[in-house]
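First the proteins, then the strands, lettered A, B, ... as listed; each starts at 1.
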Protein chains: 2
Amino acid sequence: MKTKERATISDAEWEVMRVVWTNKQTTSREIIAILESKMNWKPATIKTLIGRLVEKGMLQAKPEGNKYLYQAAVSEEESVEEKSSAFFEHICNKKAGKTLAYLLEEAELSFDDVGLLEKVLQQKKQEAVTEVSCKCTPGQCNCKASYDEA
Amino acid sequence: MKTKERATISDAEWEVMRVVWTNKQTTSREIIAILESKMNWKPATIKTLIGRLVEKGMLQAKPEGNKYLYQAAVSEEESVEEKSSAFFEHICNKKAGKTLAYLLEEAELSFDDVGLLEKVLQQKKQEAVTEVSCKCTPGQCNCKASYDEA
DNA sequence: ATCTATAGTTTACATTTGTAGTCGTGTTTT
DNA sequence: AAAACACGACTACAAATGTAAACTATAGAT
């Protein structure tokens with residue numbers, strides 16, 4: 001049924017991706033060096049993850065002598081956005097605002113961040129609606145009756 | 001190594017939880033009625049998910065005659081927060097602000113939401129720092145050299 | 001009292017994920 | 001050249017997840 005959608009990056013694989021995203025062009029040796037202690041993984045484990053990421057098309061492996069140079073085939077932004085969107089699919093649209101407020105509270109922000117957020121928020125204020133539309137399947141959220149919400 | 005952490009709610013299971021969170025007290029019949037068409041799941045599938053959620057301690061099953069009344073054993077807020085925190089562990093602290101800005105842009109917000117967010121943001125402005133501390137393992141983000149960032 | 005619809009329990013099975021060992025083959029070192 | 005090593009490929013294997021059939025007990029219908 002699935003529209004041949006892009007495979008997802010698992011948590012363990014994500015650790016590897018972060019290394020590759022950080023080091024544009026890297027080797028398995030370097031990835032292993034960076035993750036072995038942080039994750040307490042055996043080199044073999046990391047090799048497996050690299051292999052899977054290549055299979056999934058998330059990593060590109062350029063032959064370099066008898067080994068490979070790895071580089072990301074998907075951007076970090078793109079991936080983060082995908083993962084976060086997936087997360088928001090778990091909650092009702094109407095709860096997005098409150099959830100964002102929560103995340104905001106939890107975050108450590110710089111003045112610049114706050115500035116950026118203020119700007120975006122100002123913009124959102126323009127497009128703000130009186131009532132966010134709930135697209136949930138009946139029975140999966142309590143929005144349908146707008147009057148039963150404060 | 002893991003501190004006997006609470007099991008997680010998988011995506012499929014999450015669908016069931018949403019029904020239970022919405023209907024404080026519910027029956028498998030109702031859960032099935034709600035999800036069968038939305039998810040294109042067979043009743044058996046939903047029964048399995050319910051069973052697993054009970055095992056995991058996410059659902060409480062109160063005997064009611066020969067069947068059960070199900071209710072959530074964990075709150076939706078708590079669960080959403082856990083899932084979102086897990087997500088933010090995937091990115092460098094320094095990127096949290098930009099990511100939030102992205103999420104904000106993507107969200108459909110009401111005036112109330114904007115108001116709430118403004119309030120929270122004002123508060124964050126107080127506690128804002130000049131530079132967010134990066135806690136990443138070297139090699140997993142580019143923050144270490146604060147001067148190589150604009 | 002019997003039949004039947006139903007809810008829960010058990011079993012099933014492929015895929016994904018986490019975690020890793022082994023093997024073959026070049027590469028580096030001595 | 002021989003030994004050691006490094007890297008990718010292949011294999012392994014348990015747990016989690018998605019998906020569901022089969023079986024069982026039972027409450028309600030007739």
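Following rounding to the nearest Å, A/M39 (CE) and C/dG18 (P) show an atom-to-atom distance of 9 Å. In this structure, the CD1 atom of A/I9 is 15 Å from the P atom of C/dT16, given to the nearest Å. Between the C1' atom of D/dA9 and the NZ atom of A/K47 lies a distance of 9 Å, rounded to the nearest Å. Summarising the geometry, the separation between CD on B/E13 and P on D/dT19 is reported as 12 Å, rounded to the nearest angstrom. Residue B/I46 contributes atom CD1, which lies 12 Å from atom P of C/dA7 at whole-angstrom precision. The CG-C1' distance, from A/D11 to C/dT16, rounds to 12 Å in whole Å. In this structure, B/I32 places its CD1 atom 13 Å from C1' of C/dT9, rounding to the nearest Å. Atoms CH2 (A/W41) and C1' (C/dG21) sit 17 Å apart, rounded to a whole Å.
Using a 4.0 Å heavy-atom distance criterion, A/K42 is classed as a sugar-phosphate-only contact.
For A/W21 (side chain) and B/C141 (main-chain N/O), no donor-acceptor pair under 3.5 Å exists by modelled atom type. Side chain of A/K67 to backbone of A/S28: no donor-acceptor contact under 3.5 angstrom is found.
Between A/K125 atom NZ and B/L117 atom CG the span is 11.0 Å, to the nearest 0.5 Å. How far CD of B/E15 is from CG of B/L35: 6.5 Å, rounded to the nearest 0.5 Å. Distance check, rounded to the nearest 0.5 Å: NZ of A/K124 to NZ of A/K119 gives 14.0 Å. Put simply, OG1 on B/T27 and OH on B/Y68 are 14.0 Å apart, with the number rounded to the nearest 0.5 Å. Rounded to the nearest 0.5 angstrom, B/N93 CG and B/T99 OG1 are separated by 10.5 Å.
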With a cut-off of 3.5 Å and sequence neighbours excluded, list every side-chain donor-acceptor pair involving residues 45-55 of chain B.
| from | atom 1 | to | atom 2 | distance (Å) |
| --- | --- | --- | --- | --- |
| B/T48 | OG1 | B/A44 | O | 3.1 |

Scan nucleotides 4-6 of chain C against the protein and return all N/O pairs shorter than 3.5 Å with their distances rounded to 0.1 Å.
none

Identify all pairs in which a protein N or O lies below 3.5 Å from an N or O of nucleotides 28-30 of chain D, and state each distance.
none

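Evaluation of the side-chain hydrogen bond (donor to acceptor under 3.5 Å, both in side chains) rule for A/S110 yields A/D113 as partners, not counting sequence neighbours.
Residue A/Q71 is tested with A/K24, A/K62, A/Q25 for a side chain to side chain donor-acceptor pair (under 3.5 Å); the sole match is A/Q25.
Nucleotides of DNA chain D nearest to A/S28 and B/A44 differ in position, and the one nearer the 5' end is that of A/S28. Both A/G65 and A/S10 lie close to DNA chain C; mapped to their nearest nucleotides by heavy-atom distance, the more 5′-ward contact belongs to A/S10.
A continuous path of hydrophobic side-chain contacts links B/V120 to B/L104 [ILVMFWY only; heavy atoms under 4.5 Å].
Dashed line: the shortest gap from a side-chain N or O of A/Y70 to OP1 or OP2 of D/dG8 is under 4.0 Å. Side-chain N/O atoms of B/T45 include one lying less than 4.0 angstrom from OP1 or OP2 on D/dA20. Using a 4.0 Å cut-off, some side-chain N or O of B/T8 falls inside it from OP1 or OP2 of D/dT17. For the pair A/Y68 and D/dA6, the criterion of a side-chain N or O lying under 4.0 Å from OP1 or OP2 is not met.
Non-hydrogen atoms lying under 4.0 Å from DNA chain D are contributed by A/R52, all within residues 48-61 of chain A.
Alongside A/V129, the hydrophobic cluster contains A/V132 (criterion: ILVMFWY side chains under 4.5 Å).
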